[in-house]
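First the structure, in the form of structure tokens, and then the observations on it.
Chain letters run A, B, ... following the sequence lines, proteins first and then strands; every chain starts at 1.
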Amino acid sequence: MTVRVRFAPSPTGYLHVGAARTALYNYLFAHANDGTFILRSDDTDRARSTEAFQEDIVEHLTWLGLEWDEGYNKGGSHGSFRQSDRYERYRDVAGELIESGSAYYSFATPSQLDAFKKAAREAGTSPAYDGSLEPADSEVAGRIASGESAVVRFKVPRPGETRFVDSVRDDMVFDHKQVDDFIILRSDGTPTYHLASTVDDVDYRITHVIRGEDLLSSTPKHILLTRAMGAEPATYGHLSLLMGPDGKKLSKRQGDTAIGAYREAGFLAGAINNYLALLGWSLGDDVEVASIDEMVARFDMKDVSKNPAVFDAQKLEWLNGVYIRAMSDDEFVACTLSSVQDVLGRTLTEAERLQFVEMAPLVRERTKLLPEVADQVCFLFTNVVQYDEKSWSKVMVGPEAPAALDAAISVLSGLDPWTTESIEAALRGMLEVTGLNARRGLQPIRVAVSGSMVSPPLFESLAVLGNAKTLTRLKTARSLL
RNA sequence: GCCCCCAUCGUCCAGAGGCCUAGGACUCCGCCCUUUCAAGGCGGCAACGGGGAUUCGAAUUCCCCUGGGGGCACCA
């Protein structure tokens with residue numbers, strides 16, 4: 001039996017980190033078992049589903065590298081992977097279920113149902129609707145024929161219970177007292193999630209359903225439906241939910257949850273995948289950093305954690321730094337060049353691009369988030385240095401600043417060749433002569449040239465900047481003292 | 001209210017009866033390296049929620065409590 005799993009988001013919101021994690025685990029499980037990873041669109045909620053959300057999901061899943069083998073936009077052997085295209089199929093199944101006695105037309109009104117639940121609550125019993133408000137079978141045909149509005153409900157066997165082995169939580173038992181005769185077809189004839197999702201899982205031969213814990217208590221419904229369709233239920237595995245720093249369910253209130261927002265903030269797909277894998281799973285052997293392939297090699301549902309995990313943005317940032325440092329010069333330049341140009345407001349010349357490439361290894365070492373790169377290198381490409389107020393007041397007001405700048409100007413004028421080594425030698429000689437320690441003697445130069453007391457390494461920066469610009473900046477700063 | 005899931009440092013994860021004086025990672029704090037900032041190295045702070053039971057022995061098994069999470073829609 002070949003493994004077939006699916007990620008089936010509803011396009012009612014952007015792809016968020018929790019959903020991405022579910023997608024990742026499905027992907028890992030599929031690849032670890034030589035299976036097929038399918039993307040489906042569970043868009044039965046016509047009111048809230050939008051094309052924009054659907055595109056966001058597809059775009060970011062692709063960006064994360066979680067390619068699906070079959071499904072949305074890719075086709076496959078089982079027809080459309082968009083539920084809104086398959087209403088007819090769901091209606092047919094509902095009809096068959098009514099035919100076989102597994103489902104029935106329900107006329108209970110909302111107010112009747114409310115009363116039912118209220119009574120149950122007061123009696124301290126389960127509020128799950130058991131079909132007790134329905135008319136006698138003999139009445140049904142007539143009422144339907146007369147055009148009375150009705151939904152179709154699944155008839156849960158009572159008494160009874162559903163047992164299954166959850167691949168992350170082991171033995172699970174649900175008493176049918178807790179399972180309501182759920183609606184499978186709305187009064188307008190459209191299917192609900194339970195019906196559509198289950199029919200699709202059966203039709204597309206899904207062998208393993210890996211999804212969020214929020215669906216755990218709906219699983220008996222899906223299993224009952226599957227059996228009523230004459231099929232064998234898949235193996236279900238429920239992932240614990242992600243929570244925010246306050247221990248509450250992760251929401252926009254606590255910061256960004258959309259993958260797109262993380263991408264824009266400068267996170268790398270690899271880092272996000274890696275972090276999401278760490279959240280609720282252990283690769284063992286104290287391994288923290290691993291590629292998708294390594295994860296696939298180690299993945300086992302049995303090692304997936306049962307407890308809810310708090311999303312820790314700080315650890316994600318650390319990991320992002322790890323991934324940035326692991327990039328090659330070319331990769332690094334390729335994925336940061338545009339943001340540098342955006343900040344600059346213009347395109348870099350070829351010469352400037354080379355300067356950027358030269359600085360890349362130095363800058364990469366101190367970058368956690370991609371946009372930080374621009375802050376670090378922009379001083380190279382501007383004509384007027386923007387002095388950071390705090391840096392200026394801390395470094396340039398001391399009595400040593402003028403002396404340091406004067407000495408630097410004299411020692412750097414006419415320096416040839418102009419290289420990191422020669423600059424370092426000259427400046428170290430300058431420190432010797434002036435008697436200034438490195439901090440006092442060099443920081444003024446850093447501020448004069450970069451505008452800030454925090455910058456990439458000084459000698460290298462000056463080498464890349466070139467002697468003309470360096471001297472101009474030193475003189476300009478000197479004149480301001 | 002009813003049902004379900006979960007429970008080790010602040011956070012994520014190791015730990016499947018003696019190897020635990022509870023390990024790793026992030027964060028934080030020192031020190032080293034050092035021209036700033038990083039990175040790196042070294043070190044430190046920090047946890048088995050509580051109570052019973054089983055056992056020679058429990059973080060590991062069982063029960064209760066507590067706490068957190070989820071579900072109980074013509075949402076998914």
Side-chain angles (χ1 to χ4, degrees), chain A residues 8-10 12-13 42-45 47-49 106 110 113 117-118 120-129 149-153 166 168-169 172-175 177-180 182-188 190-194 196-197 211-220 238 240-241 243 245 247-249 275 278-289 303 305-319 321-322 325 362-368 376 391 395 424 427-428 431 437-443 445-447 450 452-459:
Chain A
S10 288
T12 54
D42 280 15
D43 61 347
T44 50
D45 185 345
R48 293 192 299 149
S49 296
S106 166
L113 259 12
K117 276 172 209 161
K118 196 176 166 215
R121 183 178 278 245
E122 277 162 11
T125 58
S126 169
Y129 179 54
S149 166
V151 297
V152 176
R153 287 181 188 275
D166 187 284
V168 350
R169 284 154 218 281
M172 220 51 45
V173 186
F174 285 88
D175 190 317
K177 280 195 193 103
Q178 305 300 331
V179 184
D180 62 308
F182 55 101
I183 295 175
I184 58 177
L185 229 47
R186 303 182 183 107
S187 53
D188 65 359
T190 60
T192 59
Y193 167 78
H194 299 304
S197 174
R211 52 166 34 166
E213 197 194 327
D214 50 336
L215 264 354
L216 181 56
S217 44
S218 295
T219 304
H238 291 88
S240 59
L241 268 16
M243 297 188 301
K248 298 292 179 195
K249 192 175 174 183
Y275 179 65
L278 254 28
L279 213 50
W281 177 47
S282 166
L283 330 217
D285 299 332
D286 296 333
V287 173
E288 302 277 337
V289 181
D303 299 326
S305 169
K306 294 187 257 285
N307 35 348
V310 173
F311 188 86
D312 179 11
Q314 280 189 312
K315 187 156 184 177
L316 209 208
E317 272 197 31
W318 165 76
L319 252 180
V322 170
R325 270 174 259 131
L362 265 18
V363 175
R364 182 181 53 208
E365 194 73 10
R366 17 215 113 226
T367 304
K368 268 191 173 146
Q376 296 184 70
S391 296
V395 175
E424 173 161 12
L427 256 16
R428 292 222 184 266
L431 292 177
N437 64 23
R439 176 183 288 268
R440 292 175 186 282
L442 265 22
Q443 281 298 78
I445 300 174
R446 187 188 304 281
V447 173
S450 75
S452 167
M453 57 195 283
V454 175
S455 82
L458 186 60
F459 308 133

Is [X] touching bases, backbone alone, or none of the nucleic acid, heavy atoms closer than 4.0 Å?
| X | answer |
| --- | --- |
| E288(A) | base |
| V151(A) | base |
| P308(A) | sugar-phosphate |
| G212(A) | nothing |
| L215(A) | base |
| S391(A) | nothing |
| S305(A) | sugar-phosphate |
| H238(A) | nothing |

(message) Looking at every heavy atom in both V287(A) and L278(A), which two are closest together, and how far apart are they?
(response)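 V287(A) and L278(A) have their closest heavy atoms at O-CD1, 4.3 Å.
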(request) Over all heavy atoms of both residues, which pair between R186(A) and P191(A) is shortest? Give the atoms and the distance, please. (result)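 Smallest heavy-atom distance, with atoms named: NH1-O, 3.1 Å.
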(message) Can you say whether a donor on the side chain of T125(A) sits under 3.5 Å from an acceptor on the base of C2(B), or the other way round?
(response)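 When only heavy-atom distances are counted, T125(A) does not reach the base of C2(B) through any donor-acceptor pair under 3.5 Å.
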(request) Assess whether one donor atom and one acceptor atom, taken from the side chain of Q178(A) and the base of G71(B), lie less than 3.5 Å apart. (result)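 A donor-acceptor contact between them is absent.
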Hey, does [Y] have a side-chain heavy atom less than 4.5 Å from the side chain of [X]?
| X | Y | value |
| --- | --- | --- |
| T192(A) | V151(A) | no |
| F174(A) | T219(A) | no |
| P457(A) | E424(A) | no |

Looking only at side-chain atoms of [X], point me to the closest of [options].
| X | options | answer |
| --- | --- | --- |
| S126(A) | C13(B), C2(B), C4(B) | C2(B) |
| D286(A) | C12(B), C5(B), G23(B) | G23(B) |
| K315(A) | C4(B), A25(B), G68(B) | A25(B) |
| I183(A) | A73(B), G68(B), A25(B) | A73(B) |

Given atom [atom1] of [X] and atom [atom2] of [N], what is their separation to the nearest angstrom?
| X | N | atom1 | atom2 | answer |
| --- | --- | --- | --- | --- |
| E317(A) | C26(B) | CD | P | 14 Å |
| F311(A) | G69(B) | CZ | C1' | 18 Å |
| E213(A) | C6(B) | CD | P | 8 Å |
| L316(A) | U27(B) | CG | P | 12 Å |
| D175(A) | G71(B) | CG | C1' | 15 Å |
| D166(A) | C6(B) | CG | C1' | 13 Å |
| D180(A) | C4(B) | CG | C1' | 15 Å |
| R211(A) | C5(B) | CZ | C1' | 14 Å |

Go ahead and name the base partner of [N]; Watson-Crick or wobble counts if both distances stay under 3.5 Å, otherwise write none.
| N | answer |
| --- | --- |
| G1(B) | C72(B) |
| A22(B) | none |
| C62(B) | G52(B) |
| G40(B) | C32(B) |

(request) Please figure out whether N307(A) or A150(A) has its closest RNA chain B nucleotide nearer the 5' end. (result)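 So the residue in question is N307(A).
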(request) Could you pick out which residue, D45(A) or A123(A), lies toward the 5' side of RNA chain B when each is mapped onto its nearest nucleotide? (result)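 Its nucleotide being nearer the 5' end, the pick is A123(A).
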Answer yes or no: is there a donor N or O on one side and an acceptor on the other, between the side chain of [X] and the main chain of [Y], under 3.5 Å?
| X | Y | value |
| --- | --- | --- |
| T12(A) | R48(A) | no |
| S391(A) | S452(A) | no |
| R169(A) | H238(A) | yes |

(request) Carefully, step by step, assess I183(A) and S106(A) under the rule side-chain contact (heavy atoms from CB on, under 4.5 Å). (result) CA-CA 9 Å; I183(A) 295 175; S106(A) 166; over 6 Å; no
Separation between the [atom1] atoms of [N] and [M], rounded to whole Å:
| N | M | atom1 | result |
| --- | --- | --- | --- |
| U8(B) | U34(B) | C1' | 39 Å |
| A16(B) | U21(B) | P | 14 Å |
| G67(B) | G15(B) | C1' | 23 Å |
| C12(B) | U55(B) | P | 35 Å |
| U66(B) | G51(B) | C1' | 10 Å |
| C29(B) | C37(B) | P | 14 Å |
| U27(B) | G18(B) | P | 33 Å |
| G49(B) | A7(B) | C1' | 8 Å |

(request) Give a yes or no on this: more than 12 heavy atoms of other residues, nucleotides or ligands lie within 6.0 Å of atom CZ of R440(A). (result)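 Atom CZ in R440(A) is not packed in, count stays at 12 or less.
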(message) I'd like to know whether S126(A) forms a side-chain hydrogen bond (donor to acceptor under 3.5 Å, both in side chains) with Q178(A), so could you lay out the CA-CA distance, the side-chain angles of the two residues, the decisive distance to 0.1 Å, and finally the verdict.
(response) CA-CA 6 Å; S126(A) 169; Q178(A) 305 300 331; 3.3 Å; yes
(request) Can you check each nucleotide of nucleotides 33-39 of chain B against protein heavy atoms at under 4.0 Å and return B for base, S for sugar-phosphate only, - for none, in 5' to 3' order? (result) --BBBBS
(message) With a 4.0 Å cutoff (strictly under), does any side-chain N or O of K117(A) reach OP1 or OP2 of A73(B)?
(response)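 Yes, within the criterion.
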(request) Answer yes or no: does a side-chain N or O of T44(A) lie under 4.0 Å from OP1 or OP2 of A76(B)? (result)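 Affirmative; the distance criterion is met.
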